[in-house]
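First comes the structure, then the notes that go with it.
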Amino acid sequence: MTLEERDKKHLWHPLTQHKLHPETIAITKAKGCVLTDEDGNEYIDAIASWYTCMYGHCNDYITSCVSAQMQQLDQVVFSGFTHEPAIKLSEALIKILPENQNKIFFSDNGSTSVEIGIKMALQYHFNKGEKRDTLIAFEDGFHGDTFGAMSVSGLSVYNGPFEDFSLNVKRIPVPNGKNHDAILSTLQDIVSNNKVAGFVYEPLVQGAAAMKMHNAEGLNKILNFCKNHNIITVADEVMTGFGKTGKHFASLYMATKPDIICLSKALTGGLLPMALTTCSQKIYDAFYSDDIGKGLFHGHTYSANPLACTAALASLELLQSDAIQNNIKTIIASHKAFGNRIKTHPKVKSTRQLGVIFALDLDVKMERYGNLRDKLFTFFMDNGVFLRPLGSTIYIQAPYVITQKQLEKVYQVIEDALKII
Ligand SMILES: *Cc1c(COP(=O)(O)O)cnc(C)c1O
């Protein structure tokens, strides 16, 4: 039996309606930007396995650091104990995070990092003796699949069955460069009628909403509004963090910095699951008390796992290396040239780019997970490129180590796909 056949017996895959999509592809190897399946077919991983493996799969430097750490300390409780990998990681991160960030809280995936951000925002006000029970979020955001994260997310195809179990959330449109005033008056209405604790948002790029991009100046105005009303701002940089936007963090594009930042995905370079919620001293101070009940009583068994911390530390070193920073510049320039080449194509409605994130909208109507999406996916895979179109959007977020030749192949396959739609 093939792996694909054996898989069907006991496995239930994420984000999959198994009746409609019975096929899975068994991957047996990954190195650099290439995935290999059980039949020996190779695919360029043009979305870095959901934006995680930005330094390439099985990166030699990251794996060798983790392998050394494995001989020394594998796992230990992080309540009451600490260890050097977590300490070193905190020191390295604080150097590059927005300057107001000063404390780091560990968890193991993007959803829980948002969950913790929400809890910090809600408990901040609780600890100050103020009852604030409402959150603000963008329309069409995506923040993960746990309950708090689902509540602030806007994609209801997935959240439908749970809508009645949601936190109180008011939604605002993303700033498009023209709607600042309308958004600010909506915000004014919201704060007049609700007690708002926090604002949870994906800064500048909404990943799951098909790489929808928005305006930095407008976002800055929203952040200022929040600041003036003591609404705790929670930047979900799970996708945008660690260089994707051309800066280390998307939040660095705005003058006003968030109170809290959520990070995961590329944090460990894709080697191990880990997430962080970072915050300013102001947030931390609201929990620092003689009253035990004012502490943040949230924890995960694997919080600050030493191996994951080591992978993150190695990844951070790579991110800041000249080699990776130069690669990022080259990819940005290549995407720009590709965008210019393709944007006048009759089947292309529009293109957009921020840093290494590139997206194009096709000029066709289709269901988000409709047939054309499947047809495109299959076409890309048949031609050796792993891309996951979202609705009528094709996007690229390749590892920083992708070669020019591999990148040209990705562009070519996309251009060829335009002929079959
Ligand atoms: C992927 C993602 C999440 C959820 O992270 P998981 O690790 O899948 O739980 C949250 N927010 C954003 C912006 C993401 O891209």
Side-chain angles (χ1 to χ4, degrees), residues 12-16 45 47-54 105-121 135-159 162 167 169 171 174 198-214 219 233-245 248-251 253 258 260-278 298 300 302-303 305 308 311-312 315 354-359 388 390-391 393 395-398:
W12 189 345
H13 289 266
L15 307 176
T16 302
D45 186 354
I47 63 160
S49 287
W50 270 338
Y51 346 126
T52 56
C53 307
M54 298 307 288
F105 193 94
F106 285 94
S107 61
D108 15 64
N109 63 73
S111 305
T112 52
S113 75
V114 172
E115 212 69 28
I116 292 159
I118 291 171
K119 285 169 93 169
M120 283 179 178
L135 296 166
I136 295 175
F138 279 141
E139 287 163 2
D140 299 327
F142 175 75
H143 299 286
D145 291 334
T146 52
F147 270 86
M150 256 197 310
S151 300
V152 286
S153 299
L155 299 173
S156 66
V157 199
Y158 314 113
N159 308 353
F162 312 111
L167 301 174
V169 178
R171 284 175 217 291
V174 295
F199 168 48
V200 184
Y201 62 102
E202 291 164 275
L204 302 184
V205 189
Q206 294 183 301
M211 304 296 151
K212 194 164 158 188
M213 295 180 187
H214 55 259
L219 179 55
T233 49
V234 183
D236 177 355
E237 293 228 28
V238 170
M239 186 201 72
T240 51
F242 305 107
K244 315 278 183 51
T245 62
H248 288 338
F249 302 98
S251 292
Y253 281 94
I260 294 170
I261 300 179
C262 309
L263 297 165
S264 187
K265 291 209 163 108
L267 169 64
T268 60
L271 189 69
L272 288 161
M274 189 165 76
L276 299 171
T277 309
T278 73
H298 185 111
H300 296 284
Y302 282 99
S303 291
N305 171 262
S315 300
L354 183 65
V356 304
I357 307 168
F358 177 88
R388 278 178 63 99
L390 284 163
T393 303
Y395 71 91
I396 309 171
Q397 208 182 115

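Atoms within each ligand, like the ligands themselves, are counted from 1 in listed order.
- Among protein heavy atoms, atom 12 (C) of ligand 1 sits closest to D236 OD2, 3.4 Å.
- The option with the heavy atom closest to atom 10 (C) of ligand 1, from among M239, E237, H143, is H143.
- Ring to ring, Y395 and F358 are not that close: their centroids are 6.0 angstrom or more apart.
- On a distance-only criterion, Y51 and ligand 1 share no N/O pair closer than 3.5 Å.
- Between H300 and H298, the ring planes are perpendicular. Angles over 60° get that label, and only those under 30° would be called parallel.
- Between N305 and M274 there is no side-chain heavy-atom pair separated by less than 4.5 Å.
- The N109 neighbourhood of ligand 1 comprises atoms 7 (O), 9 (O), with distances under 4.0 Å to a heavy atom of that residue.
- Put simply, the side chain of L167 reaches to within 4.5 Å of the side chain of I118, judged on heavy atoms.
- Scanning the protein heavy atoms around atom 9 (O) of ligand 1, the nearest turns out to be S111 OG, 2.5 Å.
- Each of the atoms 2 (C), 3 (C), 11 (N), 12 (C), 13 (C) of ligand 1 lies under 4.0 Å from some heavy atom of F142.
- In Y253, the OH atom is crowded: over 12 heavy atoms of neighbouring residues, nucleotides or ligands sit closer than 6.0 Å.
- Screening I357, T245, V174, L219 for a side chain to side chain contact (heavy atoms under 4.5 Å, CB included) with L204, the sole residue that qualifies is L219.
- Contacts between K265 and ligand 1, counted as non-hydrogen atom pairs separated by less than 4.0 Å, involve the side chain only.
- In terms of protein heavy-atom proximity, atom 6 (P) of ligand 1 is closest to G110 N, 3.5 Å.
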